[in-house]
There are 2 protein chains.
Amino acid sequence: MIHVLLADDEALIRAGIASILGTAGDIEVVAEAADGREAVDLALRHRPAICLLDIRMPRLDGLKAAAELRRVLPEVAVVMLTTFNEDDYVTSALGSGASGFLLKSGDPRELIAGVRAVAAGGAYLSPAVTRRVITRLRERPLGTEAAARALVDQLGDREREVLALVGAAMSNAEIARRLHLVEGTVKGYVSQILTRLGLRNRVQAAILAYEAGLVPEAPLDRRA
Amino acid sequence: MIHVLLADDEALIRAGIASILGTAGDIEVVAEAADGREAVDLALRHRPAICLLDIRMPRLDGLKAAAELRRVLPEVAVVMLTTFNEDDYVTSALGSGASGFLLKSGDPRELIAGVRAVAAGGAYLSPAVTRRVITRLRERPLGTEAAARALVDQLGDREREVLALVGAAMSNAEIARRLHLVEGTVKGYVSQILTRLGLRNRVQAAILAYEAGLVPEAPLDRRA
DNA sequence: TGCGCGACCTGACGAAAGTCAGGTGAGGAC
DNA sequence: GTCCTCACCTGACTTTCGTCAGGTCGCGCA
């Protein structure tokens, strides 16, 4: 039996969802909460396998509640349940550690499929959400990072370190300061990186670092 | 009733999958193929709603068959069905126009959920696949592009054009040649772009262009 | 008509980046 | 030992960038 906690500020919606989940046979709603804070409290008490959280809720919204749950109960899987198919929500939700993202506009069977998939340790996105994700993946294939890493692995430790800072859009002087080197040294490394990887200038190097996931801090940060 | 075409080179696996799909009640396997070429031929004859394709098949593999199907029968949805959870396959499959990616190691109910989701016009990824996708999304959130575009929209046409080429890792001289300008002019634009967007150097500009999806050609191309 | 404004273009000059030719020291092969 | 290699570091020199101050043209508007 999959134990589920259900959080939504509207009692009617909670009832509807609970009823749908009840028809599955292997899913049981063990607690219902009307806001995020209550959801966290009840989760601590009941230890469900899955928490279904609405995003828009009073006191503590679903995203914050998800983050809190991940912190205090890492073994609980969180599934966001919302009306809106917004990019920002999807990303924030997954960033908060959610394992699923379901739309209320979806098919009831989707709800059950999602709960089961997540209970089995997987992750589930609503088809409509998945479709956007697929679009994104075509732009930036999964293999990209692996390919970039393969290139980066040809470098020595110091070179990789320099490359990461180049990717953070730092100047040679800044990199030198950070690494306690002289500017000339950094230039030498950059030059070596370029020839070793067959790149033409530091812009390519930066993009590569970026793709390899090497960049330590926000490269578009406008500060000094 | 959802009509499905099933393609796999092993008859036993086809039988197993057909049997699982049969238990759903609303799904019917209308044709079975032992290779990609046969799958395309049978799809043309039977016009199923969904084609379930194994990736490893003789004559025409699943990926190529998917691309072919998309070409000759755009209204048919393709779902890849495979043993391997490989980055390359996932990306190629989605690139070939597949609407789903299921693992044979998955739960049988997942198979049914996937077929239904795709038949409903959605897209479905196996939970294990979805999990990798989520990891990727955290690195590069869906909102990133929108934010980058918002910045880029502050620019004039010419500036945006220059920015795109900066993102392609071109030098000012190269950009000038491409745009039939003098190098000094390009420098002026770059400088203006930097101040207008509050960036510090062309590396940041390049990353921004990259994130905004502005980059017209592969920036890591090592040619001239 | 003349004025201001914005988008587009340019050149000179100082400041970075990139190249090249080294110079150290640690470790492995013989 | 000595020779070789490789990772690490450096400074002089050339090329490329980025800034700044300015020029042209077209357009709205008083």
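Labels below follow one simple rule: chain letters A, B, ... track the order of the sequence lines, proteins then strands, and each chain is numbered from 1. Since the structure is predicted, the reported quantities are computational estimates derived from the model, not experimental observations.
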Option among Leu103(B), Leu52(B), Ile55(B) that satisfies the side chain to side chain contact (heavy atoms under 4.5 Å, CB included) test with Met80(B)
Ile55(B)
With Cys51(A) as reference, evaluate Val76(A), Leu81(A), Leu6(A) under the side chain to side chain contact (heavy atoms under 4.5 Å, CB included) test and give the passing residue.
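Considering Val76(A), Leu81(A), Leu6(A), a side chain to side chain contact (heavy atoms under 4.5 Å, CB included) with Cys51(A) is found only for Val76(A).
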Just by modelled atom types, is the Ala169(A) backbone N or O under 3.5 Å from a matching donor or acceptor in the Asn201(B) side chain?
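A pair under 3.5 Å: yes.
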I'd like to know if the side chain of Glu211(A) and the backbone of Leu208(A) have a donor-acceptor N/O pair within less than 3.5 Å.
no
Could you write out each protein N or O paired with an N or O of nucleotides 22-25 of chain C at a distance under 3.5 Å?
none

End axis versus end axis in the helix from dT1(C)-dA30(D) to dC30(C)-dG1(D), the angle rounded to 10°, five pairs used at each terminus
20°
Cationic N near anionic O, under 4.0 Å, [X] to [Y]:
| X | Y | answer |
| --- | --- | --- |
| Asp54(B) | Lys104(B) | yes |
| Asp8(B) | Arg56(B) | no |
| Glu75(B) | Arg47(B) | yes |
| Glu183(B) | Arg177(B) | no |
| Arg200(A) | Glu174(B) | yes |

Kindly give the atom pairs (protein nitrogen or oxygen, nucleotide nitrogen or oxygen) under 3.5 Å for nucleotides 23-27 of chain D.
none

Mind running side-chain contact (heavy atoms from CB on, under 4.5 Å) on Val79(A) and Tyr124(A) for me, showing each step along the way?
CA-CA 8 Å; Val79(A) 173; Tyr124(A) 186 96; over 6 Å; no
Partners of Glu161(A) by salt bridge (charged side-chain N to carboxylate O under 4.0 Å, His left out), sequence neighbours excluded?
Arg158(A)
Which letter, B, S or -, goes with each nucleotide of nucleotides 7-21 of chain D from 5' to 3', with contact meaning a protein heavy atom under 4.0 Å?
-SBBB-----BBB--
Ala77(B): what forms a side chain to side chain contact (heavy atoms under 4.5 Å, CB included) with it, not counting sequence neighbours?
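Partners of Ala77(B) under the side chain to side chain contact (heavy atoms under 4.5 Å, CB included) test: Ile50(B), Ser99(B), Val118(B).
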